[in-house]
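One structure is given below, encoded as C-alpha cells.
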Amino acid sequence: MTLRTSPEVGGMGHSIKRKEDPRFIRGKGTYVDDVVLPGMLYLDIVRSPHAHAKIVKIDPSKAMAVPGVLAVITGQDLAKYNLHWMPTLMSDTQMVLPVEKVMYQAQEVAAVLATSRYAAADGAAVVEVEYDPLPAVVDPHKALEPGAPVLRTDKKDKKDNHIWHWEWGDRAATDRAFAEADVTVKEKIYIPRIHVASIETCGCIAHFDKVDGKLTVWMTTQAPHAIRTVFALVAGHVGLAEHKIRIISPDIGGGFGGKVPVYPGYVIAVAASVLTGKPVKWIEDRMENLQADSFARDYHITAELAAKKDGTLTALRIKTLADHGYTDAAANPSKFPAGLFHVCTGSYDLKAAHVEVDGAYTNKPPGGIAYRCSFRVTEAVHTIERMVDIMAHQLGQDPAEFRMKNFIRPEQFPYKSALGWEYDSGNYGGALQKAMDGVGYAELRREQAEKRNRGELMGIGISSFTEIVGAGPSKHFDILGIKMFDSCEIRIHPTGKAIARFGTKSQGQGHETTYAQILAEELGIPAADIQVEEGDTDTAPYGLGTYASRSTPVAGAAAAVASRKILDKARKIAAHLLEVAAEDLVYEPGKFSVKGSPNRSKTIQDVAFAAYTNHPQGMEAGLEAVSYYDPPNLTYPFGSYICVVDIDKGTGEVKIRRFLAIDDCGNIINPMIVQGQVHGGLTMGLAPALFEEISYDEFGNVQGGSFIDYLVPTAVETPKWETGHTVTPSPHHPLGAKGVGESATVGAPAAIANAVVDALWHLGVRHVDIPITPPKVWKLLREKGVTE
Ligand code: MCN
Ligand code: CUM
C-alpha cells in the first residue's frame, strides 16, 4: 500500500507509537478499581460450594456482627423489586441472587455490603447458608437423556434440559453429496470450556445520586451503550430511565469477550447503591473470575467431510451439542444462537453443507460467550481445518497441496458459501504460498521423512482459516433488537485540532491511536492533534461496542464516512476562501488547491479556522459530522499458519519449533498494532491448544478454578512467533480494511493440533482433542508402543 500521508501526519500504514502507552507503561491508567469515591461502600459475594442444591436457609447474623458490615443482601431482598432474575443476551433468564436453588459451584448466593473491602470479605466468610444438595447434571449428553433431572424448574413448562435446536444449510443436497462421495471421513471433536482470564477481572462502581436521580456506573464493559439500554429496560420499573443512566467504561485490562455480558455482581451493586444512595464498589477476585464468569467454547462436535477420489472436496456435515451451563448467556447476535458457526465451510469451495447445533443446560456457569472468536468462529475453523487435514492424510495427499486444490479461487470472489455467507475478498493460495516459502515447506517435509526413518516424531501443521468479522449488517445482526451499526462523531476545533468519539470501547487494542490515524488519513490532520474518546455514554454517540473484531470494520468505517462528510463542507469553505468553485479544487490529505495552480491552496487548518471565523454566508458555522455506519457486509480476513512441532517420546511434550503466521486483514491502519494483535492472538491460540481447559468432576466441582490448575501460558511457554502478511482489500469497506483482532486466536489452535497429528498419523493417530497436554500425548505414544 502506498502511503498518502507523511509520518508526521501519521495516516494509514504508519507504525506510529500508541498514544495510550505513555499512561499505561507509567502505571497511570485509570482502571475501574482505581476509581474511588467519597463514602464508597464495598460489596463481596457469598458463593455456593455445591453445583446443584436447594437453599434451605441463609443466616446473616454472624456476618452482621462483623464490624463495618451494613447489610447482607439475598435473593429474597431482590425479589421484592423483581430484580432476582435478569434476562441474558440470548433472551434466557439468569439469577442475580437465588431464591430457591443454586445451579453451579461458585454461583452467587448472597452479597455483603460493608464500609471496607476487608469487612465485606470477612462478612461474606461467615454468612451461614444451609443447603440441601441435589444431583448435579454435568455431562450435556446425559443432560438430554430421558429421565435426566430437569434443571430449569423455574420455567413452568420445561420438561427437559434442551435449550434450542438450530440448523442451517441444505440437508437433502448434503446427504446426496455424501451418498455420491468416493471418500468420507468422520471425527468427533471436543472443543473444551475455556476462560478468557484477562489480566483485569470484572467489576464496577455504581453510584446512584439521590438528589438528581441519576445512576452512574463505572464498569468493565466492552459495550457501554448496550448495557445502558439493557439497564433501562430491566430496571425501568424501579424508576431508572435511560437519560438518568450513565455508563462509563474506563481503561480496561483485557476484555476478549468476557466483558460483554452483564454479571450478577453489577446488578447487585446497582441495587445496593439505589437503596443506600452511596457509591458501591464490587470487584471480583481471580478465582471468582475463573469460576463464575461466562465461559467460552464447550462444543461437542461430530463432523463429516466428503470428497471425490481425486481429492476434490464436495460436502460437509456437522452435528454439535453445545453446553451452555444453567442458562444460555451467550453473547451472540440474537438471530444466531450458535453464533457464526456456519462459516464452518472455511476457505474451501464446497458445494453442499449442513450444520445442526443443539443447546443443553447443565450445572455449570453460564457459557457460550465469545473468546476472541467473533461468535463461534474458532469452533468452526478448528473443525474444518482438522477435517481437511484428516481428509488429506486419509487420501495420502500433502495437506498443503490438498488445500491449494480445494481453496476458493481469487476470481470466485465475491463468493457465496454453501451456508449462505458472501465472502467479500480473498486470496487463500497467495497466503499459503507465502507461508510455505517463509518456513521452507519442502525442506521441512524432507527433514520430517528422514526423522521418521530414525523414529523421531516431527509434525508440520497448517491452518488456512477464513474468519467472518465486523457484525454487522443490521438486516441480519442485532442484539436484543438493537441493530449492530456503529458510530463516530467528529468535531474540528477552530485551531485545527479535533476530537472524535466512538460507540466502541478499546480494551487494549489501541483505538486512541488507530482511529486518530483514520482521521489523519482522510483529513490530513496529524494523528497527534486528534483526541479519541470512547466508553462514556453521556458523551459518545450510540454504538454497540467492541467485540467480534468489529471496531475497524464498523466504527472505523464510520470514522471514514464522518471524515468525508467534513471534507464536503471543508471543500465549500476552501472554495469560498480561494474564491473559486468547489469543483475547481483538488484535494490531497490536509490540503485543497486550485486545479492547475497548486500554489493557491488552503490547509485543513485554514479551513477549520474559517469555519468559525469566516464561513460563507448562508452556511452554518462549525465543522462537525457524525456517522452511524451500517456495513453492507461483514469482512472476511484470512490467513495461513504453519506450525512445526517435535514431540518428546519420553514425556509426551509437544515442542513448537517454528510458527509462522501470514495474515490478511485487507488494508492495514497501523502495521505495528496489527502485529501486536497477531502476537497476542497467537499466544491466546496456543493457550487452548496446549494448556487451558476448565473441566468438572461428576459432582460439578470445577477443576480449573485458579491459576494453579488453569494453565495460562507465560513468556516461557510461548514460542517465538514469526509473522507476515498479504493485503487483499475489502471491496465494500471505505478504507478496504478488515478486522484482525481475533484472527490469530481463531487460526492458531488448528495449526498446532494438525502438526501434532501429522507427527503421529503414521502410528495410526487420526485426531487429538485440545488441549494437547503431555499426559494425553504420552498415553497415545504408550498405546502405540513408541514411548522412550
Ligand atoms: N487494525 C489495523 N488495521 C486493520 C485492522 C485492525 O490497524 N486492517 C487495528 C485496529 O485499528 C485496532 C486493532 O487493530 O487498533 C484491532 O482492530 P479490530 O480487528 O477492528 O478489532 P477490535 O478493535 O474490534 O477489537 C476486538 C478484538 C476482539 S473481539 C478481541 S476478543 C480481542 C482483540 O480485539 N480482545 C483484546 N484484541 C485484544 N487485544 C487486547 N490488547 N485486549 C483485548 O481485550
Ligand atoms: Cu469473540 S471475543 Mo471478542 O468478540 O470480544
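Only a predicted model underlies this, so the values are computations on that prediction, with no experimental measurement involved. Count residues from 1 along the sequence.
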Would you call Asp758 and Arg445 a salt bridge, using N to O less than 4.0 angstrom? yes
Name the orientation class of the two ring planes belonging to Phe407 and Tyr348 (parallel below 30°, tilted from 30 to 60°, perpendicular beyond 60°). parallel
Please verify the inter-ring angle class for Tyr710 with Phe707; under 30° counts as parallel, over 60° as perpendicular, anything in between as tilted. parallel
Partner residues of Asp486 under the salt bridge (charged side-chain N to carboxylate O under 4.0 Å, His left out) criterion, sequence neighbours left out: Arg550
If a pair satisfies ring pair (Phe, Tyr, Trp, His ring centres under 6.0 Å) and one of its residues is in residues 741-766, list it, with sequence neighbours excluded. His393-Trp761
What's the separation between atom OG in Ser551 and atom CD in Gln507, rounded to the nearest 0.5 Å? 7.5 Å
Walk me through it: do Trp721 and Thr683 pass the test side-chain hydrogen bond (donor to acceptor under 3.5 Å, both in side chains)? CA-CA 9 Å; Trp721 304 118; Thr683 306; 3.0 Å; yes
Does Glu304 form a side-chain hydrogen bond (donor to acceptor under 3.5 Å, both in side chains) with Thr184? I'd like the steps, not just the answer. CA-CA 7 Å; Glu304 295 169 90; Thr184 62; over 6 Å; no
Given side-chain hydrogen bond (donor to acceptor under 3.5 Å, both in side chains), test Thr514 with Asn670 step by step and report yes or no. CA-CA 6 Å; Thr514 47; Asn670 183 320; over 6 Å; no
So does Glu447 pair up with Arg657, basic N to acidic O under 4.0 Å? yes
side-chain contact (heavy atoms from CB on, under 4.5 Å) test vs Phe638 passes for just one of Ile408, Ile468, Leu432, Thr728, namely Thr728
Decide if atom NZ of Lys451 counts as having more than 12 heavy atoms of other residues, nucleotides or ligands within a radius under 6.0 Å. yes
Residues in salt bridge (charged side-chain N to carboxylate O under 4.0 Å, His left out) contact with Lys259, at least two apart in sequence or another chain: Glu200
Any donor-acceptor N or O pair under 3.5 Å, side chains Ser730, Ser425: no
Glu187 pairs by salt bridge (Lys or Arg N to Asp or Glu O under 4.0 Å) with which of Lys319, Arg317, Arg386, Arg766? Arg766
Distance-only donor-acceptor check, side chains Asp323 and Tyr299, under 3.5 Å: no
Among Tyr415, Tyr636, Phe413, whose ring-ring contact (aromatic ring centres under 6.0 Å, His included) with Tyr428 holds? Phe413
Could you check whether the rings of Trp421 and Phe336 sit parallel, tilted or perpendicular, using 30° and 60° as the cut-offs? tilted
Which is it for Asp424 and Thr635 under the side-chain hydrogen bond (donor to acceptor under 3.5 Å, both in side chains) test, yes or no, and what are the steps along the way? CA-CA 6 Å; Asp424 58 349; Thr635 68; 5.3 Å; no
